[in-house]
Every structure is written in structure tokens, then in C-alpha cells.
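Residue numbers begin at 1 in each chain, while the letters A, B, ... track the order of the sequences. Reckoned from all heavy atoms, side chains included, excluding hydrogens, waters and symmetry mates.
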Number of protein chains: 2
Amino acid sequence: MNTVNAIETNDVRGNILANGQRIMAAKGFSAVGLNEILTASGVPKGSFYHYFGSKDAFGEALLEAYFEDYLAELDAILSAPGLTMAQRLINYWQNWQDSQSFCDCQGKCLAVKLGAEVADLSEAMRLALKRGTAGITGRLAHAIEAGMAEGSLSVAGSPHDIAESLYQLWLGASVMVKISRNTQPFGTAMLATRQILQLSP
Amino acid sequence: MNTVNAIETNDVRGNILANGQRIMAAKGFSAVGLNEILTASGVPKGSFYHYFGSKDAFGEALLEAYFEDYLAELDAILSAPGLTMAQRLINYWQNWQDSQSFCDCQGKCLAVKLGAEVADLSEAMRLALKRGTAGITGRLAHAIEAGMAEGSLSVAGSPHDIAESLYQLWLGASVMVKISRNTQPFGTAMLATRQILQLSP
DNA sequence: ATAGTTATAGACGACCGGTCTAATCAGTGT
DNA sequence: ACACTGATTAGACCGGTCGTCTATAACTAT
């Protein structure tokens, strides 16, 4: 017990998580076997249960690692210097659009890909998703509030409700992009977003 | 070849589809084996491949049957007598809300449950989803147009764009309901919907 | 009744899933 | 150099997967 949490993100563990994130963002949770992730990581099958208690626990860790990075990037976008809050928010959604348009519209957002599939499957993963998405909408709500204070945008209703509706909108738009294999849904989502934030189209 | 499409919806075939719909709406596509559906239907395994070519083809038939019923119900709601178009549209989303709040928020909408999971997995199922959702947004767009014509609502932008954004919003709200196990996201989605349709909250 | 088609029945194969135990490795203190 | 300890790996294990295949049953039509 000399290294309680010394190098918490062990090289191997982090590698498995990174590969799992990439592969499951493309194929889903149930459709992917541990074998695929482990061979892609160059890690033997037997090692898995040394790092994770089960596939469920692995999924939970996966989501937690994902949201940690995601929220860090969101924080960076929402505190970019020299911009109004309205511009920062638009940049966030612009960034969303870009990160979901890769390679046959497969995208890499785990909330989009795994949300509906996993919420009814694993309580641990559901709660990880709940924490992560709550972190996102909370930050968006603060940003909207700040934008109202500085006068760069205005909304009808509570900032938190608006933040949640906008997140729902973009979540749904991402699903539609997957279904239609076309980024056009992001266009209409952006129009609706600008309308709700009362920005010029 | 005496019964080309005589009793198209054979009792057995329809039974398999109905049970598959129920089970997959709860557990997803990849996580459910044919065995579970067939034993639930009281149909032996061997019969399956008489009615469906593969699990993929079954999924496609499942989605087609689902959207057929869905669109019929949507048509009924959007032509209910003695109501304005605005009221009919609100009824549609009220109905959506009710049909997704059952039993631990598992819902029964296959577009919500299977959309993200299946779009990257099977081209046939993806196209079935695309056709079905296009049917929904198309009807919503017409309804919005009619509502504008009769003066019961008004929107900023093209009715079709608005219809798509509203559908995206409710799709995302349904995912969030699954994640949070709470119907509150439907509340904010309804607020945003009324705002976009410029109806009194 | 009989021939021919349609549907049911379920065993079977090849494979892959997650899980667990036993062996191996690496590193430390002496 | 060596035993000891914990971290890591290897692979067996059992159950379930989809899909196939043959044999039987139920109809239909002549």
C-alpha cells in the first residue's frame, strides 16, 4: 500500500480507458466485447479484472474519465479571454458540431451514444451520466446568467431551465445527425439556440 | 404464392414483432438475444428465420412496424376535432411525455432508445429510423404551417426547421429523462416548446 | 387420399461473452 | 543471492450468441 493513489492514472489503465472510449463511442456498450478493447490496447485479457471490477465498473470509470476531460474543455471555452459570454456559448456549440461530424457522423460524445442505451442497463453508469450532464448544464446555466448580467444575451425564463433545454436540443440534434448521416440537424439546432438566446441569426 | 400479402401481419410474425418492440424498448438492441424475444412470444427459435432473414432484418421490420403505428397515432392527434392546431401540437407532446414516463422512465419510444445505438450499427435500421423520423417532422411541419395559417401560433423561421428543432428537443429531453430518472426535463422542454411556438406559458 | 407447399420444432455448431483461479513476474529488504 | 510479497498475466471455464440444418407437423389443392 505504498502507492495509495500515487500514479492513479496508471499507464495501462489509462490506455484501456482511452481505447474503450474510442471504440464504445463508435459501437456502443453492449455491442463491444472486452476482447476488442483489450487487444486494441495491447493488454492481455486477464489483466482487465486487475484494473476494473467488471464491465459495468469499467463503463462507469469510462464515463467519469470522459466527463472530467469534457468539463475541463468546457470550462476553458467558457472562460476564453476577450469574448462575450454569448460568443463563448456559441463557440461551445460550434465546437460540439465539429466534434460530432467526424467519420460518417459517428461523433465521439458518450452522452449521445451511450445515454439511452446504458441508462436502463446499469445504475452505476446511469449515475455517472447524471453527474456529468448535471455538470454541463450547471456550467451552461452560470454562463447564461453571466451573459445576461453583462448584457450580451437575454432569455425568457430561468437560466437553468434554458440551459437544460439547450442541452436537450443539442443532444437530440446529435442523435438526428447519426440517423440522417448529415450535419444539417446541427444547423437547425443552432438557429433555435440563437433564437432562445435572443441573438441575431 | 396464393397469399402474396394476404394476411401480411401473420399472428406469429406480429407477435414476435410486438414482443421484440417491448423488450428492445427496455433493453436496447445488442443487449437482447433472439432467445429472449422468442421464448417471451412462445415461438420456437427455428421459426424465426422463416419470418425474418436475420436479426438485422428483424430490427428493420420492428422499426417499420413501430413507426407505422406511431404515425397513425400522430395523424389522429393532429386531426382531433374541435381544437386549434396549437392545442393539437401541445397534446402531441403531452402524449409523448405520458408515454415516456412509465416504469422507471424506461419509455417506449424506439427512436429515443435505439437511435444512437443502432444508427452506427446497421444501415437498414438506420434508414428505417430516418424514414420514420422524417415522417414525424414532416407532419409536425405541416401542422405548424396550418397553425400559422389559422393564427393559433406563430414561429420565427421556416416551419420545417422549427419542426425539426422541436423534435430534436424532445428526443434529447427523453434521453435526459432516462438519465435522471425524473420527468422534470419534459417540463423544461415544454416551456421551450411554448416559447418557440410563441404560446402563453 | 395424396402431393406439395408452408410452418413449426428444437438440436447443433462455431464462436464469443464476462469471470475467475493459478501461475508468473518484478521489486524489495535482508 | 535469496526468499518473500504483491502486481500482473495467462488461459481455462461455462454460459449464451446467432444462425443453420434436418425432421416433423399442418394445410391446400387437385
Side-chain angles (χ1 to χ4, degrees), chain A residues 1-21 23-24 26-63 114 117-118 120-125, chain B residues 1-21 23-24 26-63 114 117-118 120-125:
Chain A
M1 200 66 92
N2 47 352
T3 56
V4 176
N5 57 358
I7 305 169
E8 167 74 32
T9 310
N10 194 324
D11 213 17
V12 176
R13 195 185 125 102
N15 194 10
I16 301 176
L17 282 173
N19 281 80
Q21 197 168 303
I23 295 173
M24 283 182 168
K27 302 195 187 181
F29 184 76
S30 298
V32 173
L34 298 180
N35 256 327
E36 184 174 355
I37 295 171
L38 291 170
T39 59
S41 311
V43 172
K45 192 173 185 177
S47 292
F48 181 81
Y49 281 81
H50 175 67
Y51 295 102
F52 306 98
S54 66
K55 196 189 182 188
D56 250 36
F58 172 68
E60 188 187 1
L62 194 79
L63 289 169
L114 302 183
E117 178 187 359
V118 146
D120 306 317
L121 202 69
S122 152
E123 187 69 1
M125 293 182 76
Chain B
M1 200 69 89
N2 47 353
T3 56
V4 175
N5 57 358
I7 305 169
E8 168 73 33
T9 310
N10 193 324
D11 214 16
V12 175
R13 195 185 125 102
N15 193 9
I16 301 176
L17 282 172
N19 280 311
Q21 197 168 304
I23 294 173
M24 284 182 168
K27 301 194 185 181
F29 183 76
S30 298
V32 173
L34 299 180
N35 256 328
E36 184 174 355
I37 295 170
L38 292 170
T39 59
S41 310
V43 172
K45 197 175 197 172
S47 291
F48 180 83
Y49 283 83
H50 176 69
Y51 294 102
F52 307 99
S54 66
K55 197 189 181 187
D56 248 38
F58 172 67
E60 189 187 359
L62 195 79
L63 289 169
L114 301 184
E117 178 187 358
V118 146
D120 305 318
L121 202 70
S122 151
E123 188 68 1
M125 292 182 77

Mind calculating the distance between [atom1] ([X]) and [atom2] ([N]) to the nearest angstrom?
| X | N | atom1 | atom2 | answer |
| --- | --- | --- | --- | --- |
| A/N15 | D/dT8 | CG | P | 14 Å |
| A/H50 | D/dT9 | NE2 | P | 8 Å |
| A/F48 | C/dG18 | CZ | C1' | 9 Å |
| B/L38 | D/dT17 | CG | C1' | 13 Å |
| B/D11 | D/dA26 | CG | C1' | 16 Å |
| B/F58 | D/dG19 | CZ | P | 12 Å |
| A/F29 | C/dG17 | CZ | C1' | 12 Å |

What's the spacing between [X] [atom1] and [Y] [atom2] if we round to 0.5 Å?
| X | Y | atom1 | atom2 | result |
| --- | --- | --- | --- | --- |
| A/S122 | A/E117 | OG | CD | 11.0 Å |
| B/D56 | B/L62 | CG | CG | 12.0 Å |
| A/F52 | A/I16 | CZ | CD1 | 5.5 Å |
| A/I37 | A/N15 | CD1 | CG | 11.5 Å |

For nucleotides 10-13 of chain C, print each protein N/O atom paired with a nucleotide N/O atom at under 3.5 Å, atom names and distance only.
{"residue": "C/dG10", "atom": "N7", "partner": "B/G46", "partner atom": "N", "Å": "2.9"}

Practice task
Check side-chain hydrogen bond (donor to acceptor under 3.5 Å, both in side chains) between A/N19 and all other residues, then give those that pass, not counting sequence neighbours.
Solution key: none
Problem - Contacts of B/N35 that satisfy side-chain hydrogen bond (donor to acceptor under 3.5 Å, both in side chains) - sequence neighbours left out - result: none
Practice task
Counting heavy atoms from C-beta on, name the nucleotide in C/dG18, D/dT8, D/dC18 closest to the side chain of B/L34.
Solution key: D/dC18
Exercise for the section: Go through D/dC18, D/dA7, C/dT8 for me and flag the one nearest to the B/K55 side chain. Expected result: D/dC18
Exercise for the section: May I ask you to verify if any side-chain N or O of B/Y51 is less than 4.0 angstrom from the OP1 or OP2 atom of C/dT6? Expected result: no
Problem - N or O in side chain of B/N35 less than 4.0 angstrom from D/dT17 OP1/OP2 - result: yes
Problem - side-chain contact (heavy atoms from CB on, under 4.5 Å) between A/S47 and A/V12, intermediate numbers included - result: CA-CA 9 Å; A/S47 292; A/V12 176; 5.7 Å; no
